[in-house]
Asker: 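I'd like to ask you about the structure that follows.
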Amino acid sequence: QVQLVESGGGLVQAGGSLRLSCAASGRAFSTYDMGWFRQAPGKEREFVAAINWTGERSYYADSVKGRFTISRDNAKNTAFLQMNSLKPEDTAVYYCATSKGQWPAIQRYDYANWGQGTQVTVSS
């Protein structure tokens, strides 16, 4: 069982950058794959990026590939999402989550533990 808290969201102009953090409690953090999802108003929660438990494999949605980078520091029980070249369509609440599913896990049902989200707003 892992509890997650996201931080680092905020307001940024188009073309800018933000770095999101996901702090986890529990000593089993390193045994989970990690994912980032986002949900914009009126839209379903969508997959953004995933990283496996060792941090050696990553997978990205086409919409963010080349702009976002997922990483993790298991010694600090923290996952990150570096977001560059942000666009207004990136505006959403961003959630981190843990998965025990088969790699790559890109569906909501693959993730059992979720944070409460952090708001990212990109102005034009």
Side-chain angles (χ1 to χ4, degrees):
Q1 192 268 339
V2 176
Q3 293 186 341
L4 307 172
V5 179
E6 301 94 337
S7 63
L11 176 64
V12 65
Q13 290 186 331
S17 298
L18 285 173
R19 183 176 174 85
L20 306 183
S21 297
C22 175
S25 63
R27 282 180 277 272
F29 173 77
S30 63
T31 69
Y32 293 92
D33 294 346
M34 297 294 301
W36 286 95
F37 288 72
R38 66 187 183 186
Q39 187 165 23
K43 296 184 178 180
E44 295 184 353
R45 191 170 300 185
E46 65 174 351
F47 172 79
V48 175
I51 187 167
N52 83 317
W53 70 278
T54 66
E56 296 176 350
R57 292 180 290 173
S58 301
Y59 188 83
Y60 298 93
D62 289 342
S63 59
V64 306
K65 190 174 183 179
R67 300 187 298 121
F68 291 10
T69 302
I70 189 171
S71 62
R72 68 191 297 163
D73 185 342
N74 287 344
K76 297 183 178 180
N77 285 357
T78 305
F80 305 94
L81 185 69
Q82 178 67 46
M83 305 184 295
N84 299 326
S85 301
L86 283 163
K87 305 174 181 179
E89 50 263 46
D90 295 318
T91 295
V93 177
Y94 283 71
Y95 301 87
C96 66
T98 64
S99 174
K100 287 285 192 179
Q102 184 174 341
W103 180 263
I106 62 173
Q107 304 293 335
R108 287 183 63 186
Y109 58 74
D110 291 323
Y111 293 84
N113 299 303
W114 295 81
Q116 293 188 345
T118 185
Q119 176 71 48
V120 172
T121 303
V122 184
S123 62
S124 60

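Since the structure is predicted, the reported quantities are computational estimates derived from the model, not experimental observations.
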Asker: So does L20 get a backbone contact from the side chain of E6, meaning a donor-acceptor N/O pair under 3.5 Å?
Answerer: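 No, because the side chain of E6 does not come within donor-acceptor range (under 3.5 Å) of the backbone of L20.
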
Asker: Does S85 reach the main-chain N or O of R67 with its side chain, forming a donor-acceptor pair under 3.5 Å?
Answerer: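 A pair under 3.5 Å: no.
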
Asker: When you measure from the side chain of Y111 to the backbone of A105, do you find a donor-acceptor pair of N or O atoms at a distance under 3.5 Å?
Answerer: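 Such a contact is found between Y111 side chain and A105 backbone.
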
Asker: How many angstroms lie between OH in Y60 and CD1 in I106, if you round to the nearest 0.5 Å?
Answerer: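 Rounded to the nearest 0.5 Å, the OH-CD1 separation comes to 15.0 Å.
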
Asker: Starting from the C-alpha separation in whole Å, work towards a yes-or-no answer on side-chain contact (heavy atoms from CB on, under 4.5 Å) for K100 and T31.
Answerer: CA-CA 8 Å; K100 287 285 192 179; T31 69; 3.0 Å; yes

Asker: What residue among Y95, Y109, F47 forms ring-ring contact (aromatic ring centres under 6.0 Å, His included) with F37?
Answerer: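 Passing option: F47.
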
Asker: Quick one: are the ring centres of W36 and F68 less than 6.0 Å apart?
Answerer: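 Not close enough - the centres of the two rings lie 6.0 Å or further apart.
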
Asker: Got a second to check how far R72's CZ is from F80's CZ, nearest 0.5 Å?
Answerer: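 Here the rounded value is 11.0 Å.
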
Asker: Between Y59 and N52, is there a donor-acceptor pair closer than 3.5 Å when you use the side chain of the first and the backbone of the second?
Answerer: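 No, the answer is negative, given that no donor and acceptor are paired below the 3.5 Å cut-off.
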
Asker: Does the side chain of S30 pick up a donor-acceptor pair with the side chain of N74 at under 3.5 Å?
Answerer: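 No, no side-chain donor-acceptor contact under 3.5 Å.
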
Asker: Any sub-3.5 Å donor-acceptor pair from D33's side-chain atoms to W53's backbone N or O?
Answerer: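 Yes; at least one donor-acceptor contact below 3.5 Å.
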
Asker: How many angstroms lie between SG in C22 and CH2 in W114, if you round to the nearest 0.5 Å?
Answerer: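 Atom-to-atom, C22:SG and W114:CH2 are 11.0 Å apart.
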
Asker: Any link between I51 and Y32 through a network of hydrophobic side chains (Ile, Leu, Val, Met, Phe, Trp, Tyr) touching at under 4.5 Å?
Answerer: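 Per the 4.5 Å side-chain linkage, I51 and Y32 are co-clustered.
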
Asker: Would a distance-only check, ignoring hydrogens and angles, find a side-chain to backbone donor-acceptor pair under 3.5 Å from T91 to V122?
Answerer: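 Flag set: sc T91 to bb V122 pair under 3.5 Å.
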
